Colleague: 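Below: one structure in structure tokens.
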Amino acid sequence: MKKLFLVGLAIVVLGLSACSSKESPQTKPVELTISAAASLNESLIEIKKNFEKENKNIKVLYNIGSSGALKQQILQGAPVDLFLSASHDQFTELIQEGLINPQKQFDLLGNQLVLITNKENSLQLNGFSDLTDSQVKKIAIGIPESVPAGKYAKQTLQYSGIWEQIQPIVIQTKDVRQVLTYVETGNVDAGIVYMTDVKVSDKVHVVAVAGDQTHDSIIYPAGIIKTTSHKKEAEIFLDYLQSKTAKTSFEKFGFIVLD
């Protein structure tokens with residue numbers, strides 16, 4: 001009887017162990033760090049919310065800034081899983097350095113460059129050439145060497161033949177959103193930003209849209225960093241950026257979705 005009791009007890013214990021292993025708590029969600037251009041901020045916030053609803057085992061963390069600064073962080077070994085740039089320049093450099101797999105990247109979005117003023121500004125500007133008017137005291141653009149929107153702005157001003165003339169009154173900023181803030185607060189008379197930046201502000205007015213021939217093509221590439229330790233999850237997010245839901249969010253904020 002004693003032996004039968006012990007055998008029965010052992011079976012019960014094993015059964016409880018099996019049950020407890022099946023009911024173990026869920027693993028902690030994988031955290032994906034995505035470095036993304038400042039102009040993508042609002043659309044990515046919306047995409048994060050929708051993505052995490054569909055992928056509860058993945059948590060998205062954004063590192064937002066100018067594409068040039070983000071590129072430098074990645075070159076210096078920052079723990080980043082994906083990079084969404086506002087320019088091919090910074091992106092291509094990372095591919096050349098072997099940090100982005102050419103097979104795990106694509107051109108995601110397009111954008112437009114615009115000249116803006118504060119809605120309450122009394123200046124009557126009609127185009128980029130009017131920036132030479134003596135009433136214009138300060139113009140904001142991103143730093144051309146590190147901010148893609150700044151590079152495109154300089155190219156447009158050079159194409160218009162006014163760069164040298166207005167250079168003394170140009171204020172250079174750390175990213176395109178700082179340009180928007182300077183115009184919104186009246187710290188400058190005009191600024192050059194993306195059309196998508198205008199979509200998130202009710203304080204600015206579009207004076208003119210830069211012609212495509214005046215600057216390099218505005219393309220936003222997206223890709224996975226080779227050193228990611230979450231390759232599977234990174235691929236899931238990269239694929240999601242091309243989903244119908246994500247495309248709707250991008251278009252809502254004024255981006256041109258590339259096929």
Side-chain angles (χ1 to χ4, degrees), residues 35-44 64-72 83-95 107-117 125-132 136 138-184 188-201 204-223 250 253-258:
S35 287
S39 50
L40 290 163
N41 187 51
E42 284 75 19
S43 58
L44 288 181
I64 303 294
S66 72
S67 297
L70 297 174
K71 177 205 70 177
Q72 285 301 125
F83 182 37
L84 277 61
S85 174
S87 168
H88 263 299
D89 291 350
Q90 287 81 4
F91 202 82
T92 301
E93 185 175 340
L94 293 180
I95 292 177
D107 291 340
L108 179 64
L109 304 166
N111 212 334
Q112 291 178 295
L113 194 71
V114 295
L115 173 64
I116 62 170
T117 58
L125 302 180
N126 297 306
F128 289 90
S129 59
D130 291 339
L131 292 174
T132 58
V136 180
K138 291 180 182 179
I139 305 161
I141 69 170
I143 300 169
E145 291 74 25
S146 61
V147 181
K151 180 191 74 170
Y152 303 135
K154 181 179 177 180
Q155 289 174 343
T156 297
L157 295 170
Q158 288 175 324
Y159 183 91
S160 303
I162 63 174
W163 172 251
E164 296 298 331
Q165 185 177 345
I166 68 170
Q167 200 171 349
I169 62 171
V170 170
I171 308 298
Q172 298 186 10
T173 69
K174 65 180 178 68
D175 59 43
V176 70
R177 285 304 171 86
Q178 191 170 39
V179 175
L180 180 66
T181 299
Y182 280 5
V183 176
E184 287 179 326
V188 298
D189 299 304
I192 301 177
V193 299
Y194 294 124
M195 181 67 82
T196 50
D197 297 308
V198 178
K199 294 283 186 180
V200 300
S201 175
V204 300
H205 162 70
V206 175
V207 173
V209 179
D212 292 341
Q213 77 280 6
T214 68
H215 56 74
D216 292 344
S217 297
I218 303 175
I219 301 293
Y220 288 67
F250 285 131
F253 288 96
F255 287 99
I256 301 165
V257 174
L258 303 178

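Since this is a predicted model, take the numbers as computed values, not measurements.
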Colleague: Under 3.5 Å, is there a donor-acceptor pair linking the side chains of His88 and Asp216?
Modeller: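 No, Asp216 and His88 have no side-chain donor paired with an acceptor closer than 3.5 Å.
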Colleague: In Å and rounded to the nearest 0.5 Å, what is the OG to CD1 distance from Ser129 to Ile162?
Modeller: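 Ser129 OG to Ile162 CD1: 6.5 Å, rounded to 0.5 Å.
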Colleague: Could you go step by step and tell me if Thr214 and Leu113 meet the side chain to side chain contact (heavy atoms under 4.5 Å, CB included) rule?
Modeller: CA-CA 10 Å; Thr214 68; Leu113 194 71; 5.8 Å; no
Colleague: Can you tell if the side chain of Val193 reaches within under 4.5 Å of the side chain of Val198, non-hydrogen atoms only?
Modeller: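 Yes - at least one pair of side-chain heavy atoms lies under 4.5 Å apart.
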Colleague: First locate atom OG1 of Thr117, then atom CG of Asp130, and finally report the distance between them rounded to the nearest 0.5 Å.
Modeller: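 Output value for this atom pair is 11.0 Å.
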Colleague: Hey, are the side chains of Ile141 and Val170 touching, using non-hydrogen atoms and a 4.5 Å cut-off?
Modeller: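 Yes. Closest side-chain heavy atoms under 4.5 Å.
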Colleague: Quick one: does Leu44's side chain get under 4.5 Å of Leu84's, heavy atoms only?
Modeller: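 The answer is yes; the side chains approach within 4.5 Å.
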Colleague: Taking the side chain from Tyr194 and the backbone from Ala149, do they hold a donor-acceptor pair closer than 3.5 Å?
Modeller: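 Indeed, once roles are kept as given, a pair shorter than 3.5 Å links the two residues.
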Colleague: Under a 4.0 Å threshold between the charged nitrogen and the carboxylate oxygen, would Glu42 count as salt-bridged to Arg177?
Modeller: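 Glu42 and Arg177: salt-bridged.
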Colleague: Kindly say whether the aromatic ring centers of Tyr220 and Phe255 come within a distance under 6.0 Å.
Modeller: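 Yes, the ring centres sit under 6.0 Å apart.
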Colleague: Roughly how far apart are Leu258 CG and Asp107 CG, rounded to 0.5 Å?
Modeller: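 The distance works out to 6.5 Å.
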Colleague: I'd like to know if Asp89 pairs up with Lys71 as an ion pair, taking the criterion as any Lys NZ or Arg NE/NH1/NH2 lying under 4.0 Å from an Asp or Glu carboxylate oxygen.
Modeller: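 No salt bridge links Asp89 with Lys71.
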Colleague: Can you check whether Val179 reaches Asp197 side chain to side chain, under 4.5 Å on heavy atoms?
Modeller: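 They are not in side-chain contact.
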Colleague: Report yes if some heavy atom in the side chain of Ile169 is under 4.5 Å from a heavy atom in the side chain of Lys138; otherwise report no.
Modeller: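 Of all side-chain heavy-atom pairs linking Lys138 with Ile169, none is under 4.5 Å.
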Colleague: Could you tell me the separation between the CD atom of Glu93 and the OG atom of Ser87, rounded to the nearest 0.5 Å?
Modeller: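 Here the interatomic distance stands at 10.5 Å.
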Colleague: Could you walk me through whether Trp163 and Gln155 pass the side chain to side chain contact (heavy atoms under 4.5 Å, CB included) check?
Modeller: CA-CA 9 Å; Trp163 172 251; Gln155 289 174 343; over 6 Å; no
Colleague: Taking atom CG of Asp175 and atom OG of Ser66, what is their separation to the nearest 0.5 Å?
Modeller: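 It is 6.5 Å, given to the nearest 0.5 Å.
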Colleague: Please report the shortest heavy-atom distance between Val207 and Gly127, naming the atom on each side.
Modeller: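 Scanning both residues, the minimum pair turns out to be CG1-N, 3.7 Å.
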Colleague: So does Ala86 get a backbone contact from the side chain of Ser67, meaning a donor-acceptor N/O pair under 3.5 Å?
Modeller: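 A pair under 3.5 Å: yes.
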Colleague: Check whether any side-chain heavy atom of Pro144 lies under 4.5 Å from a side-chain heavy atom of Val147, and answer yes or no.
Modeller: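 Side chain of Pro144 against side chain of Val147, heavy atoms only: no contact under 4.5 Å found.
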Colleague: Go through it in stages, so that I can follow the logic: the residues are Leu115 and Leu131, the test is side chain to side chain contact (heavy atoms under 4.5 Å, CB included), and I'd like the CA-CA distance, side-chain angles, deciding distance and then a yes or no.
Modeller: CA-CA 10 Å; Leu115 173 64; Leu131 292 174; 4.0 Å; yes
Colleague: If you look at every heavy atom in Phe91 and Ala222, which pair is closest and at what distance?
Modeller: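 Shortest heavy-atom separation between Phe91 and Ala222 comes out as CZ-C, 3.5 Å.
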Colleague: Side-chain contact, heavy-atom cut-off 4.5 Å: His205 with Ile116?
Modeller: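 No. Closest side-chain heavy atoms not under 4.5 Å.
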Colleague: So, for Tyr152 and His215, which heavy atoms are closest and what is the spacing to 0.1 Å?
Modeller: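 Minimum heavy-atom contact is O-CB, 3.7 Å.
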Colleague: Compare every heavy atom of Val176 with every heavy atom of Ser39, then report the nearest pair and how far apart it is.
Modeller: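 Heavy-atom minimum between the residues: CB-CG1, 4.1 Å.
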Colleague: So how far is it from Ser43 OG to Leu109 CG, rounded to the nearest 0.5 Å?
Modeller: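 Reported value, rounded in 0.5 Å steps: 7.5 Å.
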Colleague: Ignoring hydrogens, what is the shortest heavy-atom contact between Gly254 and Asn111? Give both atom names and the distance.
Modeller: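 Scanning both residues completely, I find the closest heavy atoms to be O-OD1, 4.5 Å.
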Colleague: Report yes if some heavy atom in the side chain of Ile171 is under 4.5 Å from a heavy atom in the side chain of Ile139; otherwise report no.
Modeller: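 They are not in contact (no side-chain heavy atoms under 4.5 Å apart), so the answer is no.
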Colleague: Testing the basics here: between Gln90 and Ser146, what is the closest heavy-atom pair and its distance to 0.1 Å?
Modeller: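 Smallest interatomic distance, heavy atoms only, reads NE2-O, 3.9 Å.
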Colleague: Let me see the working for Phe250 and Ile256 under side chain to side chain contact (heavy atoms under 4.5 Å, CB included), right down to the final yes or no.
Modeller: CA-CA 8 Å; Phe250 285 131; Ile256 301 165; over 6 Å; no
